[in-house]
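Below is one structure; the comments refer to it alone.
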2 protein chains.
Amino acid sequence: MRLKTEAKPMSKNPGQDLSRRERQIMEIIYRLGRASASDVEKDLDDAPSYSAVRAHLRILEEKGHLTHEQDGPRYVFLPTVSSDVAGESALRGLLRTFFGGSREQMVAALLDSAQRDLSEDELDRMAKLIDEARKDGR
Amino acid sequence: MRLKTEAKPMSKNPGQDLSRRERQIMEIIYRLGRASASDVEKDLDDAPSYSAVRAHLRILEEKGHLTHEQDGPRYVFLPTVSSDVAGESALRGLLRTFFGGSREQMVAALLDSAQRDLSEDELDRMAKLIDEARKDGR
DNA sequence: CTCGGTATGCTAAAAAAATAGCATGAAACC
DNA sequence: GGTTTCATGCTATTTTTTTAGCATACCGAG
């Protein structure tokens, strides 16, 4: 019996110890929130065989990145680390790699890449967020 | 003669076609801006042999992600895609994967993860950025 | 000049990742 | 009840990645 999902302890920087496909699959699952093997397969542009996808899911679970629930006849996989936490962590990575640690520069890039599709409302809400951060700070 | 750096055309999503080590090395070079083989080796936590690092650099150049300049006796490698462009692209990726496309949510996470170390000034400047984006929009 | 350090070019091998195939079982369908 | 469908468990194989080793060239110190 080796179905016990013996999750190894995870590294501080999740995603660093993932192979190419594994990362690709984790992204899909984070984006979807939860997904079965066939969900993942459908979402993959260059999907290999169904078998291959399942193998990756199994390994990701062994590595402790995923867990699964039984949903009727099939498995539905979910991340073990919440989207929030993983997102923040990933954000910190980018911050360091591309923006020299400057959150300001990062926001600038974010706004810059948006331009066309940022509504007045959305900007308002962002401004409010920053304002609140300011209050919390002091 | 096969030293010609025959860069293949790159995919829209740079980083998607990189292996684990390759990604790791690209990150280092983006962070440093430019780096020699030994710079990269020093920066790697779990560095393999110097030879291995050089091999990766060569392959990354073949794939078109890096280029090199001769700096005295050694090669110095730089990304072919500017940090700005690559950063924006990576940001868009995270946006999609973890924040459901909501830039607002992303800024929230960014501020949240900052809390302790965000200065008043930095917040001011961010607010100004948003304000300017607002003006550009209309 | 010769030696030690550091670089590159090239080649080969070990390790990990990625893929595919087949047997089996349960539910849905006709 | 038979059969089609879709799922899993397990195993085998191919391909890619990752690593290391050695010969050679250059440069500056002793």
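Protein chains get the first letters and strands the later ones, always in sequence-line order, with residue 1 at the start of each. FYI, side chains are in, hydrogens and waters are out, and symmetry mates aren't considered; it's all heavy atoms of this structure. This one's a predicted model, so the numbers in the text were calculated from it and none came from an experiment.
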Starting at [atom1] of [X] and ending at [atom2] of [N], how long is that distance when rounded to a whole Å?
X     : N      : atom1 : atom2 : answer
A:R21 : D:dT16 : CZ    : P     : 12 Å
A:L60 : C:dA16 : CG    : C1'   : 14 Å
A:L18 : C:dA16 : CG    : P     : 16 Å
A:Y75 : D:dG9  : OH    : C1'   : 9 Å
B:R58 : C:dG9  : CZ    : C1'   : 9 Å
B:E62 : D:dT16 : CD    : P     : 14 Å

**Report entry** Closest nucleotide among D:dT18, C:dA20, C:dG9 to the B:E22 side chain
**Finding:** D:dT18
Query raised in the report: OP1 or OP2 of D:dC6 less than 4.0 angstrom from a side-chain nitrogen or oxygen of A:R74, does that happen here?
Result: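 The answer is no; no side-chain N or O of A:R74 sits under 4.0 Å from OP1 or OP2.
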Query raised in the report: Think B:H56 has a side-chain N or O under 4.0 angstrom from the OP1 or OP2 of D:dT19?
Result: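 Checking D:dT19 against B:H56, a side-chain N or O does come within under 4.0 Å of OP1 or OP2.
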Query - Selection: residues 35-50 of chain B, any non-hydrogen atom under 4.0 Å of DNA chain D - result: B:P48, B:S49
Query raised in the report: With sequence neighbours left out, what residues match A:F99 under ring pair (Phe, Tyr, Trp, His ring centres under 6.0 Å)?
Result: none
Query - Contact list for residues 38-57 of chain B, test ring-ring contact (aromatic ring centres under 6.0 Å, His included), sequence neighbours left out - result: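 Output for this query is empty, none listed.
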With sequence neighbours excluded, residues passing side chain to side chain contact (heavy atoms under 4.5 Å, CB included) with [X]:
X      : value
B:L78  : B:R34, B:T67, B:E69
A:R103 : A:L95, B:L110, B:S113, B:A114, B:D117, B:L118, B:E122, B:M126
B:R96  : A:R31

**Report entry** Which residue lies more 5' along DNA chain D, comparing B:R54 with A:R54 via nearest heavy atoms
**Finding:**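 The residue whose closest nucleotide sits nearer the 5' end is A:R54.
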**Report entry** Residue B:D45 excluded, over 12 heavy atoms near CG under 6.0 Å
**Finding:**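 Incorrect, the count does not exceed 12.
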